[in-house]
Amino acid sequence: MSEPTEQPKLSDVLRDRREKLDRIRDSGIEPFPHEFSGREDIAEVRAAHEGLVAGIETESRHRVAGRIVARRGHGKACFLDLRDGSGRLQLHAREDLLGEEAYALLVNLDLGDIVGVEGTALATRRGELSLALDRWRLLAKSLRPPPDKFHGLEDTETRFRRRELDLIANEESRRIFRVRAATISEIRRWLDEHAYVEVETPVLQPLYGGALARPFTTHHNALDRDLYLRIATELYLKRLVVGGIDRVYELGKDFRNEGVSHKHNPEFTMLEWYEAYADYEKTAHDLELLVSEVAERVLGTTKVKRGEVEIDFAPPWRRITLREAILERAGIDIAEHPSREALAKAMGTEPDPTEGWGKLVDGLLSREVEPGLIQPTFILDYPVELSPFAKAHRSEEGLVERWEAFVGGVEIANSFSELNDPDEQRRRFEQQARESERGDEEAQPYDESFVEALEQGMPPTGGVGLGIDRLVMMLTGTASLREVLLFPAMKT
RNA sequence: GCCCCUGUAGCUCAGUCGGUUAGAGCGGCGGCCUUUUAAGCCGCGCGUCGCGGGUUCGAAUCCCGCCGGGGGCACCA
């Protein structure tokens with residue numbers, strides 16, 4: 001695709017465009033000039049003439065640039081739709097204003113070409129703001145046809161593999177990625193305003209940790225050693241809390257070697273933040289505040305339509321313990337079945353040898369409870385087996401102080417009162433080693449330098465992980481993670 | 001990894017109980033048109049019917065395999 005010679009059979013459409021390019025060059029016009037300075041965003045032009053009455057022609061001059069997305073010819077005059085990153089503007093090209101030659105060249109352009117133009121603002125008799133052109137210049141020739149101007153681009157594969165075409169064709173895609181950008185920007189701003197310090201920790205790690213997941217492995221040639229792509233930032237960030245950064249966050253990508261689904265992508269954007277002297281009740285309060293304020297700033301409301309239902313992010317979110325939630329949805333009281341065998345019997349299944357009691361509880365949660373959690377909900381207090389980095393519950397035996405937040409049937413965040421007792425942490429790692437021997441490929445490897453950091457003394461701390469892609473999914477009302485990832489993982 | 005669906009023009013799609021030269025709209029090319037906006041009118045089809053094999057007088061259509069995509073299951077955040 002990189003060399004023209006690799007395209008032996010150009011379709012006529014492509015050939016026509018190349019021939020046009022040749023003719024433009026032959027006539028002495030540079031089809032790829034270096035700049036077009038002094039232009040305004042189309043949105044600024046629109047703002048300057050808001051409410052202009054139909055039929056009025058002004059003498060207000062404007063210089064704009066963008067892609068030609070539609071053309072409606074009328075002989076010696078013609079309408080073109082120009083689009084830049086800020087919006088769309090109609091251009092009115094008239095032969096008497098441009099001169100015969102410039103007009104003919106302009107009309108001869110292809111949809112998709114990028115031009116810079118100059119002219120005066122007017123409102124047509126239908127009231128459409130337009131620019132009556134007296135000068136124009138080709139800024140970049142387009143050699144491939146744009147997607148259908150009416151149907152847009154609908155083929156899922158092309159939309160994801162050639163996202164640039166999707167963005168050219170589909171306003172909804174452009175909206176989703178603007179919401180995504182604004183969401184990330186407002187989250188940063190919220191954390192910065194609450195005195196959190198943003199940091200960057202290693203993506204390439206000698207040892208992975210901080211979540212239950214399988215990692216990607218890579219190799220460092222000069223050091224001749226294998227490294228892992230991080231599955232979480234948790235352990236490094238807690239070492240920074242030990243170091244005295246009382247409020248710390250990192251916003252970046254994690255990598256997990258798992259399948260792809262409407263809510264999973266092998267690389268995804270995660271926010272983790274830690275607050276010294278806080279517990280999981282404080283982090284729950286902060287999350288509902290953060291999300292509702294971000295929604296308000298990005299969307300102007302805390303309410304989002306998601307299919308038929310309306311989700312409201314306004315606090316307080318519902319809080320229910322994991323035990324109550326499972327009892328409510330599955331009719332099983334996990335506290336009355338404290339062993340693996342008893343719980344499996346209550347569920348009416350045979351326990352898989354690799355599944356402990358905690359895994360069975362986790363299965364009940366994801367199958368029976370999670371799909372029904374549409375409005376924002378905190379599920380509280382998890383089995384210790386599933387949470388090697390969470391502190392034991394202050395009053396409930398066998399549980400830890402942990403919550404997960406769910407919206408639209410999807411988990412969007414996870415938090416706990418962080419375990420800061422180094423000896424207990426060591427025992428949890430040993431438990432993980434036993435899970436690993438039993439065949440659990442997501443069990444955590446022992447991390448001595450992390451335990452040593454805890455031995456240095458970490459204050460009581462509350463920590464949160466928030467899945468940014470999933471949050472954006474909820475804020476945009478989309479059904480698949482792939483809609484909010486510019487370039488989602490694809491086969492090959 | 002398993003199951004189901006799917007792949008036709010640059011784009012959106014029709015055509016599939018096997019049968020002339022594979023169709024439409026948009027886009028493109030040529031012509032008319034100075035306030036249109038999916039502009040309009042007249043003319044022109046621009047194609048490896050995903051790829052490879054098979055059955056058949058004859059395959060876009062039936063069979064087998066492969067590749068890509070979607071959905072579901074499993075698994076994970």
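Side-chain atoms are counted along with the backbone in the values below, which use heavy atoms only and exclude waters and symmetry mates.
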Quiz item: For A:Arg367 and B:A74, is the shortest distance between a side-chain N/O and OP1 or OP2 below 4.0 Å?
Solution: no
How is [X] classified with respect to the nucleic acid when contacts are heavy atoms under 4.0 Å: base, sugar-phosphate, or nothing?
X: A:Asp254; answer: nothing
X: A:Glu272; answer: nothing
X: A:Arg470; answer: base
X: A:Gly55; answer: nothing
X: A:Leu212; answer: sugar-phosphate
X: A:Asn265; answer: base
X: A:Arg71; answer: sugar-phosphate
X: A:Gln90; answer: base

Quiz item: Can you tell me if A:Ser417 and A:Glu401 form a side-chain donor-acceptor pair at under 3.5 Å?
Solution: yes
Quiz prompt | Any side-chain donor near an acceptor of the partner, A:Thr321 and A:Glu324, under 3.5 Å | solution = yes
Give a yes or no on whether a donor-acceptor pair under 3.5 Å exists between the nucleobase atoms of [N], that is its base, and the side chain of [X].
X: A:Glu128; N: B:U35; answer: no
X: A:Arg125; N: B:U35; answer: no
X: A:Asp110; N: B:G27; answer: no

Exercise. Please measure how far the P atom in B:A22 lies from the corresponding atom in B:C51, and state the result in whole Å.
Key: 16 Å
Quiz item: Considering only the C1' atoms, how many Å lie between B:U12 and B:G18, rounded to the nearest integer?
Solution: 28 Å
Practice problem: Could you label the plane-to-plane angle of the A:Trp190 and A:Trp273 rings as parallel, tilted or perpendicular, counting under 30° as parallel and over 60° as perpendicular? | Solution: tilted
Quiz item: Should A:Lys391 and A:Asp279 count as an ion pair when the cut-off is N to O under 4.0 Å?
Solution: no
Listed nucleotide nearest any side-chain atom of [X], set [options]:
X: A:Arg126; options: B:U36, B:C75, B:G25; result: B:U36
X: A:Ser130; options: B:U36, B:U34, B:C11; result: B:U36
X: A:Arg161; options: B:C11, B:U36, B:G68; result: B:G68
X: A:Lys20; options: B:A77, B:U34, B:G28; result: B:G28

Quiz item: Could you state the interatomic distance from OH (A:Tyr280) to NE2 (A:His285), rounded to the nearest 0.5 Å?
Solution: 16.0 Å
